[in-house]
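Report on the following structure.
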2 protein chains.
Amino acid sequence: MDGPVTWQSVRAEALRRIHTREWPPGGQIPNEADLAAEFGCARATVNRALRDLATSGYLERRRKGGTRVPLTPVRKATFEIAIIRQDVEGRGQHYDYRLLADRLAPPPLAVRDALRLPGATPLRMVRALHLADDAPFCLEERWINPTFAGPEVRFDTISANEWLVRNLAFSGGGFAFYATPADASLAEVLMCDRGAALFAIDRTTFSDAEPITAVTLTYAPGYRMVTRI
Amino acid sequence: MDGPVTWQSVRAEALRRIHTREWPPGGQIPNEADLAAEFGCARATVNRALRDLATSGYLERRRKGGTRVPLTPVRKATFEIAIIRQDVEGRGQHYDYRLLADRLAPPPLAVRDALRLPGATPLRMVRALHLADDAPFCLEERWINPTFAGPEVRFDTISANEWLVRNLAFSGGGFAFYATPADASLAEVLMCDRGAALFAIDRTTFSDAEPITAVTLTYAPGYRMVTRI
DNA sequence: TCGAAAAATAAGTATAGACATAATGCGGCA
DNA sequence: TGCCGCATTATGTCTATACTTATTTTTCGA
């Protein structure tokens with residue numbers, strides 16, 4: 001591999017040094033200019049490689065402070081959040097959707113807090129069931145800031161999930177993944193036993209500092225969320 | 001904001017056009033050279049901005065094919081996979097660790113498949129409990145390729161989780177998140193009711209094409225895995 | 001001795017120019 | 001008609017240089 005020095009090759013070599021402890025955990029590595037000289041490439045190439053390693057958690061960089069190998073590595077995994085219809089169709093199953101409820105209501109405290117909303121602003125509450133091959137797949141329970149989706153936006157044919165992803169600008173938010181037992185209502189809607197272990201996701205989304213929506217997605221038993229790195 | 005054109009400002013403007021549908025879903029956007037001319041900056045600056053948007057799922061780029069806005073956006077979330085000790089300590093709790101079993105055994109079929117192992121190679125099976133403030137936090141059930149961690153590596157004081165992350169080079173693998181009911185054995189170890197809904201992660205890791213380890217982490221009830229974007 | 005100002009340092013970023021690479025599509029040949 | 005290969009094109013990347021910014025270290029004065 002003697003040809004042109006690519007940023008990938010620099011990254012590979014840096015990774016090798018990290019793994020062989022030639023660059024030990026907690027230690028500082030040479031600066032970009034020195035590495036560029038050593039590898040016989042431009043500093044920008046080294047920069048790109050080290051920046052990439054930093055976003056993956058293999059290195060920590062600070063201006064003037066230099067670049068160091070973290071003592072306790074924190075690997076970063078990326079995974080894709082598709083809309084539910086795509087998730088179902090990607091499994092080769094037939095997707096269907098059923099709107100169960102859609103009304104204005106005062107949100108529970110937990111939702112108010114998560115969205116950092118003042119007072120008792122009523123929010124739009126949407127409850128809908130996503131189906132795969134006519135079996136319950138996922139229950140969507142969502143609170144929407146009516147500023148972003150007024151009553152003229154109907155969720156009877158397109159899910160709120162899909163409408164929001166397609167129509168709004170997201171700039172931040174949080175996720176939580178957890179397991180929850182099926183209560184009577186969940187068991188009925190998802191057609192499973194009471195107490196069944198269900199995979200669930202809480203998500204909040206903001207546009208700048210404006211709260212858009214908080215949602216709980218509860219999946220039917222057996223659902224696995226997968227990703228590769 | 002009239003000063004120098006930064007790649008962040010180009011990204012912000014591009015994102016605005018995507019959200020306002022000035023660049024509609026499914027449509028192709030102008031090429032880098034044209035945008036650079038329009039914004040009065042170098043093509044590299046535009047490249048950096050669009051590349052960043054592509055990794056976040058807002059754009060799709062193909063050589064020669066140009067750059068287009070995806071019809072069905074797939075948002076990408078990154079989250080951090082810390083070692084369990086860090087996870088516990090990050091919550092301000094006292095971490096403890098107990099090794100329950102460590103022996104060579106033939107792996108179950110599911111593990112053999114996940115690691116793409118031929119024949120009936122015996123693997124090292126490690127079962128350990130992670131504790132937070134002396135309460136069960138997470139059960140680790142792991143199968144390790146003995147090539148990477150022979151018997152001289154002891155897991156009685158440091159967890160396999162931590163040893164592997166610190167000592168081995170990872171180059172790929174997969175994750176699956178799901179909910180599972182506590183069976184008798186899980187209920188006993190995690191000190192919860194039988195049938196309780198537990199959050200679990202299956203993970204496989206490889207070094208190039210070499211299988212390293214497959215692990216199931218099953219968390220005590222109430223665990224939430226959180227991240228922000 | 002303490003603290004504030006100045007210098008030094010390393011990463012972050014912008015630029016212009018060049019070449020590489022992967023698709024695409026078109027034209028020509030069988 | 002059908003297929004191969006070449007020209008075209010947009011992104012991908014490297015280089016060399018310059019300037020910016022955050023942060024640490026040094027220096028110098030009170």
Side-chain angles (χ1 to χ4, degrees), chain A residues 1-15 17-18 22-71 74 76 78, chain B residues 1-15 17-18 22-71 74 76 78:
Chain A
M1 228 291 267
D2 235 313
V5 178
T6 64
W7 69 269
Q8 289 97 332
S9 70
V10 172
R11 182 185 55 185
E13 172 60 15
L15 209 45
R17 294 184 185 185
I18 293 168
E22 197 169 319
W23 291 345
Q28 203 151 43
I29 76 172
N31 70 40
E32 292 187 349
D34 291 351
L35 287 173
E38 183 195 334
F39 295 137
C41 68
R43 187 168 76 87
T45 308
V46 174
N47 180 280
R48 172 100 193 251
L50 299 189
R51 193 154 36 78
D52 188 81
L53 286 173
T55 63
S56 307
Y58 288 102
L59 289 175
E60 282 171 359
R61 326 195 72 200
R62 288 215 331 266
R63 280 188 183 174
K64 157 77 185 174
T67 303
R68 52 181 57 248
V69 183
L71 267 171
V74 173
K76 282 164 185 146
T78 309
Chain B
M1 224 303 261
D2 235 315
V5 177
T6 64
W7 69 269
Q8 289 98 331
S9 69
V10 173
R11 182 184 57 185
E13 171 61 13
L15 209 46
R17 294 186 185 185
I18 294 168
E22 198 167 321
W23 290 345
Q28 203 151 40
I29 76 171
N31 69 41
E32 292 186 349
D34 290 351
L35 287 173
E38 184 194 334
F39 295 136
C41 66
R43 187 168 75 88
T45 307
V46 174
N47 181 280
R48 173 101 191 250
L50 299 189
R51 192 154 35 78
D52 187 81
L53 286 172
T55 64
S56 307
Y58 289 102
L59 290 174
E60 279 171 3
R61 326 194 72 199
R62 288 216 325 270
R63 278 187 184 173
K64 159 75 182 171
T67 303
R68 52 179 60 246
V69 183
L71 266 171
V74 174
K76 281 161 186 150
T78 307

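Note that the coordinates shown come from a computational prediction; the quantities given were computed from them, not determined experimentally. Per chain, numbering begins at 1; letters A, B, ... match sequence-line order.
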Legend entry - Lys/Arg N to Asp/Glu carboxylate O, Glu32(B) vs Arg48(B), below 4.0 Å: no
Give the rounded distance in Å between these two atoms: [atom1] of [X] and [atom2] of [N].
X: Asn31(A); N: dT23(D); atom1: CG; atom2: P; answer: 18 Å
X: Glu60(B); N: dA10(D); atom1: CD; atom2: P; answer: 18 Å
X: Asp52(A); N: dT13(C); atom1: CG; atom2: P; answer: 14 Å
X: Leu59(A); N: dG12(C); atom1: CG; atom2: P; answer: 11 Å
X: Gln28(A); N: dA10(C); atom1: CD; atom2: P; answer: 8 Å
X: Arg48(A); N: dT13(C); atom1: CZ; atom2: P; answer: 13 Å
X: Glu32(A); N: dT13(C); atom1: CD; atom2: P; answer: 11 Å
X: Leu50(A); N: dA10(C); atom1: CG; atom2: C1'; answer: 12 Å

Legend entry - Sugar-phosphate, base or nothing in reach of Ala44(A), heavy atoms under 4.0 Å: base
Inset, instruction - Quick one: label Gly66(B) by what it contacts on the DNA or RNA (base, sugar-phosphate, nothing), any heavy atom closer than 4.0 Å. - result: sugar-phosphate
Inset, instruction - With DNA chain D as reference, determine whether Arg63(A) or Arg61(B) sits nearer its 5' end, using the nearest nucleotide of each. - result: Arg61(B)
Inset, instruction - Nearest-nucleotide wise, let me know which of Lys64(B) and Arg62(A) is further upstream toward the 5' end of DNA chain D. - result: Lys64(B)
Legend entry - Nucleotide of dA14(C), dT15(D), dA11(C) approaching Ala42(A) most closely (side-chain heavy atoms): dT15(D)
Inset, instruction - Would you mind telling me which of dT15(C), dA10(D), dA14(C) lies closest to the side-chain atoms of Cys41(B)? - result: dT15(C)
Taking only the side-chain nitrogens and oxygens of [X], find out if one of them lies under 4.0 Å from OP1 or OP2 of [N].
X: Thr67(B); N: dT11(D); result: yes
X: Thr45(A); N: dT15(D); result: yes
X: Asn47(A); N: dT13(C); result: no
X: Gln8(A); N: dT13(D); result: yes

Inset, instruction - Could you tell me whether the side chain of Arg43(B) has a donor or acceptor atom within less than 3.5 Å of a complementary atom in the base of dG17(C)? - result: no
Legend entry - Check: Val10(A) and Val5(A) side chains under 4.5 Å, non-hydrogen atoms: yes
Legend entry - Beyond-backbone contact of Pro30(B) with Trp23(B), side-chain heavy atoms, under 4.5 angstrom: yes
Inset, instruction - Verify whether one side chain among Asn47(B) and Arg43(B) offers a donor that lies under 3.5 Å from an acceptor in the other. - result: no
Legend entry - Whether over 12 other heavy atoms sit under 6.0 Å from Arg62(B) CZ: no
